[in-house]
Amino acid sequence: MRATLIYGAGDVRVEEVPDAALREPTDALVRVLRACICGSDLWPYGSMEPAEQGARIGHEFVGIIEDVGAEVSGFKRGDFVVAPFVWSDGTCDFCSEGLPTSCRHGGLWGRDGVDGGQGEAVRVPQAQGTLVTLPVGEDDALLPSLLTLSDVFPTGHHCAATAGVSSRTSVTVIGDGAVGLCAVLAAKRLGAEQIILTGRHEQRTDLGREFGATDVIPERGEEGIERVRALTGGDGTHTVLECVGLEPAIETAFGVVRDGGVVSRVGAPQYADVPMDFGPFMRNITLTGGVAPARAYIEELMPDVLDGALQPGKVFDRVVGLEDVSDGYRAMAGREALKVIVEP
Ligand SMILES: [Zn+2]
């Protein structure tokens, strides 16, 4: 079968790899219908050292079950399913506590002999705990929005949920990437009335307004902080959703959070330190967030997608075939595309 491998910065290739096949009785074999490129795939794409051996990549996909192992129940050949971006057993103590990303028997796509998502098929370990059935046809118009349940929408939701966003909290969202826009959508869904989005890419911030942003702040740094404070009586917002992962973003987050407020981060951090010194201490700032346990949120978020109330799939603005996946990476890295669907 064909699948995507990354060999280093700027070097993504589609190659012939061994066919995905059942190995354990807890596996399922899934033919990938649609995958997508994640903002987090752009970190290795931007900085990975050149390697002799390519590494499988991709962790967001929906597909059709081709086969299931003897110990997998509740799924059968032909089922349309979504896979969250971390696989997990669904039964261990961490999974039971709603944290499948810490599953004792789970892991990441593309590592340790597990297929990556950007390919023709995937062996899904711990299939019963990992996969969720999509109760629609595979050519459904909802497909792009259902694909976001794999990562980007639950990640935006995790940011808003861990921050404690509700109808009583004002919100600042840092970042107009696909995660930031999904965080806006999630904050709106949780009842927030004031949602300030920082970003300067007009097409993206326009989608942010459609998703529920009430104000858009294009300025960065001190100027951006002043603008948010001016919109909030000088105090900042109760919650700040940091959806970038770079140092200036987390610094801005602490600059715009109201005393007693919460900063939540879901942008994969490319920094080592956060400003949690005496100043934020005296202001009683809470820092939360982390990798999103997407699997734990899919059932909660799916109904609003199925009935069309929310359309997170609008973050996709380009589709490429598997053979052209490198064009998709180039477009996303160059910010020509917001988020790219890969169609095997
Ligand atoms: Zn588990």
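Every value quoted in this text rests on a predicted model; they were computed, and no experiment measured them. All residue numbers refer to positions in the sequence shown, counting from 1. In listed order, ligands and their atoms are each counted from 1.
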* For Asp273, look at atom CG and say whether over 12 heavy atoms of other residues, nucleotides or ligands are found less than 6.0 Å away. => no
* Would you call Asp115 and Arg56 a side-chain contact if the rule is heavy atoms closer than 4.5 Å? -> yes
* Asked: Should the heavy atoms of other residues, nucleotides or ligands under 6.0 Å from CG of Asp112 be counted, would the total exceed 12?
  -> no
* Asked: Should we say atom CD of Glu202 is surrounded by more than 12 heavy atoms from elsewhere, each under 6.0 Å from it?
  -> no
* Measure the SG-CD distance between Cys92 and Glu97 for me, rounded to the nearest 0.5 Å. => 8.0 Å
* **Side-chain donor or acceptor of Thr237 paired with backbone N/O of Thr239 under 3.5 Å** => yes
* Asked: For the Zn ion (ligand 1), which protein N/O/S atoms are closer than 2.8 Å?
  -> Asp89 OD1, Cys92 SG, Cys95 SG, Cys103 SG
